[in-house]
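Below is one structure, written out as structure tokens; the observations come after it.
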There are 2 protein chains.
Amino acid sequence: MSFDSPCATPAANARPQPIRIHHGFEDSMRFGEMCAVRCSTCALRRVCVPEGLSDEDARRFDDVPRVRRAVRRGETLFRAGDRFEHIYAVRAGSFKTVVMHPDGREQVTGYLLAGELLGLGGIAAGHHVAEAVALEDSQVCAIGFPGLEAVAGQVPVMQRQLHRLFAAAIVRDQSQLLRLGTMRGEARLASFLLDISARLAALGYSPRSFLLRMTREEIGSYLGLQLETVSRMFSRLQARSILTVRQREVTLVDTLSLGEMANSAA
Amino acid sequence: MSFDSPCATPAANARPQPIRIHHGFEDSMRFGEMCAVRCSTCALRRVCVPEGLSDEDARRFDDVPRVRRAVRRGETLFRAGDRFEHIYAVRAGSFKTVVMHPDGREQVTGYLLAGELLGLGGIAAGHHVAEAVALEDSQVCAIGFPGLEAVAGQVPVMQRQLHRLFAAAIVRDQSQLLRLGTMRGEARLASFLLDISARLAALGYSPRSFLLRMTREEIGSYLGLQLETVSRMFSRLQARSILTVRQREVTLVDTLSLGEMANSAA
DNA sequence: CGCCCACTTGAACACCCTCAAAGGCTGTGG
DNA sequence: CCACAGCCTTTGAGGGTGTTCAAGTGGGCG
């Protein structure tokens, strides 16, 4: 987990290698490779970086040590107990975060898409408490946290953005708590699908048809259900013509009914 | 929700009024009253404020606009939709945070004790998403967030502490997600009680015997259970001599068994 | 004292889990 | 290219946990 790639020096620039990453990023890189990058040319700039940075501030932000890193599907970005040094911005692909129970059971606590931040919880104790696993071939920006803090201290608008992203993580967790605490299985799934749909839409993808990157078991863990229950719910929703499922490909048909289910008391 | 109390000018100091606040703080104040305070004399300093501040930094921190405020039991500190302006540090007493569902149901998402921060999620959207309600007569420090950010930008150790407190909120939420996602009702209650016990111990209170400040209904909402189920679980644990309950007064007897329950798969 | 609210306890039922079996998809190696 | 293994997914049946509805008790406060 150390950044010893020959490419990881701040001055170096990515030398693209023709390996396709999903989600249509124009540039690509070898897996395991890590390259210095600049945010000013990043497609996700409007998600990560605050609007209206002055040229000088933007330059200062680009000076934060930061490397891009490709993570293959199933690989872990960090594990519980790893020393906290970086936060990670998902650049392409998707991740799950998993918390381990003392007895070995796992709980999926997060499902992260492009533009979202990973690993923030690690600041509390100086080491990560969760594990982050790529759900597909993905890319992240690893941002050295001390450097980021230093810049945030000098550029108020950066600091504000950092805090907003912290808060966004808290709000995400809270809405997940709402799901687990008050909803029936069916409503949890409906709400989960609508949430993903909205987040994909915000990234410019189709909110109607998408590929789930988690297995039934992972979705179940995330929603506090068993994998069989998740499967049954999908079948039931399809039988009611509310959506169509084929393996992990979901197409929302009746978004209104889905919304009612997510918000209904029963 | 504006700070227009005559006492709320930065220079003024508290004029104690003999109203008792639980949890044994030496100084007290009238309810609804808001007074400027300094952290350097606060009993919770070691929880809120980082260790080893230089004198100069400590002075700068004390300059952050900040007022103490007494909140009577049942009163709300902020509501969902309120503009986000302050974060609140619990000084004495306890709070719950509640998220409202579109259909009117409520979900208790947090149970906050002295030294913990309230309202952080509001930064994300500029307004609060949850509601905070005092569970007993309590006191908070209301800290103007822009001012806090300004000081954090100048004093790295303050900034680090702020981030740590952010992260602590995330970690708290994650462990609650673990509870709701993987545990049976009984294990949830056991884990909840142990969590409270540990947090009270950290504040110097007895970890063995304490007063729950939430009703069965609120505990149930927090744990994703019905109030009847919570009541039954308490009765069952008492029948097994693992604890004793009388209304809201709980005494943990067999902490080992409680821990096993919280960590067991079944 | 009496009201109200919180809490307790019981019984029937619903939801979801557990166990089990079978079919489908994917990737690997022959 | 096919065969096979392994995992993911679906579906069924039965049982357990927690919910819902209902009634009754107890404590706190006016």
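Lettering follows sequence order; numbering is per chain, from 1. Since the model is a prediction, treat every value here as computed from it, not as a measurement.
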On a heavy-atom basis, the closest approach of A:Arg199 and A:Leu113 is CB-CD1, 3.7 Å

_Within the 3.5 Å criterion, strictly below it, is a donor on B:Thr76 or B:Arg79 matched to an acceptor on the partner's side chain?_
yes

Comparing A:Arg232 with B:Leu227, nearest DNA chain D nucleotide closer to 5' gives the residue A:Arg232

Geometric class of the A:Tyr111/A:Phe192 ring pair [parallel <30°, tilted 30-60°, perpendicular >60°]: tilted

To the nearest angstrom, the CD-P distance between B:Glu249 and C:dA6 comes to 19 Å

Rounded to whole Å, CE of A:Met261 lies from P of C:dC15 at a distance of 13 Å

What N/O pairs connect the protein and nucleotides 22-30 of chain D at under 3.5 Å? Give each pair on its own line.
none

Exercise. Does B:Thr229 place a side-chain N or O at less than 4.0 Å from the phosphate oxygens OP1/OP2 of D:dT19?
Worked result: yes

B:Arg236 CZ to D:dG18 C1', in whole Å, measures 10 Å

Heavy atoms of B:Leu177 and A:Thr109 approach each other most closely as CD1-O, 3.9 Å

Here the distance between atom P of D:dG18 and atom CG of B:Leu189, to the nearest Å, is 11 Å

When rounded to whole Å, the CE to P distance for the pair B:Met233 and C:dT8 reads 13 Å

Among C:dC16, D:dT9, C:dC7, the one nearest any side-chain atom of B:Ser231 is C:dC7

- prompt: What does B:Gly224 touch in the nucleic acid at a heavy-atom separation under 4.0 angstrom: a base, only the sugar-phosphate, or nothing?
  reply: sugar-phosphate

Rounded to whole Å, CD of A:Glu217 lies from C1' of D:dT10 at a distance of 15 Å

Taken to the nearest whole Å, CD/B:Gln238 to P/C:dT8 is 9 Å

To the nearest angstrom, the CG-C1' distance between A:Leu212 and D:dC8 comes to 14 Å

Using a distance-only test with no angle check, is there a side-chain donor-acceptor pair under 3.5 angstrom linking A:Ser191 and A:Arg179? yes

Side-chain atoms of A:Leu225 come closest, of D:dT11, D:dT9, C:dC16, to C:dC16

Regarding the side chain of A:Arg184, the nearest nucleotide among C:dC7, D:dT20, D:dG18 is D:dT20

Aromatic contact, B:Tyr88 with B:Phe78 (centres under 6.0 Å): yes

Checking B:Arg240 side chain against B:Ser235 main chain: does a donor-acceptor pair fall under 3.5 Å?
no

On DNA chain C, more 5' by nearest nucleotide between A:Gln226 and B:Arg216 is B:Arg216

